Amino acid sequence: MSCRSHHSLQFPARVKMPLNFSAASLKQILSDDLSIDQHSSIYVAFSGGLDSHVLLHALSCLAADYSFSLEAIHIDHSLHSKSTQWANHCRAVCDGLGVPLTVKKVSLARLKGESLEAQAREARYSALAGFLPENGICMTAQHINDQAETVVLQLLRGAGVHGMAAMPAAKVFAAGRMLRPLLGFSRKSLHDYATRHGLEWVDDPSNLDQRFDRNYLRNEILPALRERWPGMDKSISRSAKHAASAATMLDEIGMSDLQYCQALCNHFFPPSVAYLRADKLVSLSTIHQKNALRCWVRMNGLAVPGDKRLQTLINLLNESPEKGTVCWQEGAFRLYNKMIWLCDSPELLLPVDRKIKWNPYIPLQLQNTGQVLHAIKVAGEGIAVSAIGDSVLTVRFRQGGEICRMPGEHGSKTLKKLLQDLAVPPWLRASLPLIYLHDELIAVSYLWSNSLYTPAVDEEGYIFSIHQAIS
């Protein structure tokens, strides 16, 4: 069912949010709270259910006078026999509203120890992130009751303030932003809107499956709590905002502490993504240490380890910052040479016995590390371009016994000794690309070049660099 507004949009000053949902109340939130302007490109995550249908319908009402672009995306998880029927329903709704729709099918790799809910959510958000263009706005339709469920679930899991902050109304997402403009409205107010406008929606029967924690809370526990405390959802939402404020303050403190610890990103050696000075971290109080570590892990896109893992690391640091490892499901802290390295995988990269032919004019994708090897021309540095000529280089990885020729009369040195002298941590050494001309080692990544091939001051040379591949 389409909708057209018969008045021009003049954004009012901020007023108290009305209890009833309408296109006008959505307009107020978009303009006053979420900074949507006429040049915005909005992409609605449209499941076909009540909540996302209401959001899409109200936005289409506003789009008649408010010239943002509006599209919808439907994620088909292929988990239900009616998934194709639901996708067709979404097409029919979007055709009626005059809104372009994209349907994306995703498949779930069932991972041991991870719930189906979590896997579906991860696949859904990954698909949305891949679809969203630069500066695009992805809108989802979670409401105040969803927020209450999320906070209670986080409490039951023992979450800290970041978990209890639950879902923010706005956040950076992929190349753009994700907005949740319905967080101030109840599901009942959305249902009332849908009834007034004669909307039809899909009811997913899995929402009644009590095996899922969220469904059990939604259908069994929270209704009883609302009978006793009718204002529960608003109170929980208010607590979530307080938690978000506390989380922001902790992040600011954590960032200040990380600057003190000289935390740096690492783009060169997978699986390590960052490192910081252990002696600086140890000088902080235990509470500051844990907060800084949580902030550090979070800002590098990893799931934060539990308090026991953090305490184990702190104990290791107090004993000796020279060596030790603390792993969790998504990553690891590794100690070496008074530095703490953050790794995005608890597994170590194993040596790869491969020889890859490489034309240095073309960047080389390194499949085992997820990086790209580049050869950059500079004057008077690296490996002389003339020495390579038309030859094809070979890229290998460390197997043991490699020899590096040193400058002048210094003879040669084993690669192992060179990497020790350069303080390259042992677990990173297998990921270093070794560049050969014929059967002679001429460069070790960007760390070392064979001095026998150094170009003259005014002669072109290749220096090598490695960078994370852009997914």
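The structure displayed is predicted, hence computed values, not measured ones. Residues: numbered from 1 along the sequence shown.
Qualifying salt bridge (charged side-chain N to carboxylate O under 4.0 Å, His left out) partners for Glu71, counting only residues two or more places apart in sequence or in other chains: none. Residues forming a salt bridge (charged side-chain N to carboxylate O under 4.0 Å, His left out) with Asp192 (at least two apart in sequence, or on another chain): Lys188. For the salt bridge (charged side-chain N to carboxylate O under 4.0 Å, His left out) test, residues two or more places apart in sequence or in another chain that qualify with Arg211 are Asp209. Checked against salt bridge (charged side-chain N to carboxylate O under 4.0 Å, His left out), Arg429 has no partners two or more places apart in sequence or in another chain.
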*Take Trp86 and His77, measure what ring-ring contact (aromatic ring centres under 6.0 Å, His included) needs, and give me the verdict at the end.*
CA-CA 11 Å; Trp86 295 341; His77 299 90; 9.8 Å; no
*Test ring-ring contact (aromatic ring centres under 6.0 Å, His included) on Tyr193 and Phe21 and set out the steps.*
CA-CA 7 Å; Tyr193 177 96; Phe21 177 79; 5.1 Å; yes
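Looking at Arg91 and Asn88, their side chains do bring a donor and an acceptor atom within 3.5 Å of each other. Checking Gln311 against Asn315 by side-chain atom types alone, a donor-acceptor pair falls below 3.5 Å. For the residue pair Thr150 and Arg214, a side-chain donor N or O sits within less than 3.5 Å of a side-chain acceptor on the partner.
Heavy-atom contacts from other residues, nucleotides or ligands closer than 6.0 Å to NZ of Lys171 number more than 12. A 6.0 Å sphere centred on CZ of Arg354 holds no more than 12 heavy atoms belonging to other residues, nucleotides or ligands. Surrounding CD of Glu200 are at most 12 heavy atoms belonging to other residues, nucleotides or ligands under 6.0 Å away. More than 12 heavy atoms of other residues, nucleotides or ligands lie within 6.0 Å of CZ in Arg396, so this atom counts as buried by the packing criterion. The environment of Lys241 atom NZ is sparse: at most 12 non-hydrogen atoms of other residues, nucleotides or ligands sit within 6.0 angstrom.
Between Arg298 and Asp251 a salt bridge is recorded (basic side-chain N to carboxylate O distance below 4.0 Å). Using a cutoff of 4.0 Å between basic side-chain nitrogens and carboxylate oxygens, Asp233 and Arg187 are not scored as salt-bridged.
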Below 3.5 Å, can you tabulate the donor-acceptor pairs from side chains in residues 280-287 to any protein atom, sequence neighbours excluded?
{"unit_1": "Ser283", "atom_1": "OG", "unit_2": "Tyr260", "atom_2": "OH", "d": "3.0"}
{"unit_1": "Ser283", "atom_1": "OG", "unit_2": "Lys280", "atom_2": "O", "d": "2.6"}
{"unit_1": "Ser285", "atom_1": "OG", "unit_2": "His288", "atom_2": "N", "d": "3.3"}

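Exactly one of Ser107, Ser83, Ser47, Cys90 qualifies for a side-chain contact (heavy atoms from CB on, under 4.5 Å) with Asp76. That residue is Ser83. Under the side-chain hydrogen bond (donor to acceptor under 3.5 Å, both in side chains) test applied with Gln142, the options Asn145, Thr140, Asp146 reduce to a single match, Thr140.
A donor-acceptor contact shorter than 3.5 Å is absent between the side chain of Gln365 and the backbone of Val372. Although no hydrogens or angles enter the test, the distance criterion places a donor-acceptor pair under 3.5 Å between the side chain of Asn215 and the main chain of Ser206.
Residues in residues 302-328 take part in these ring-ring contact (aromatic ring centres under 6.0 Å, His included) pairs, two or more places apart or across chains: Trp328-Phe333.
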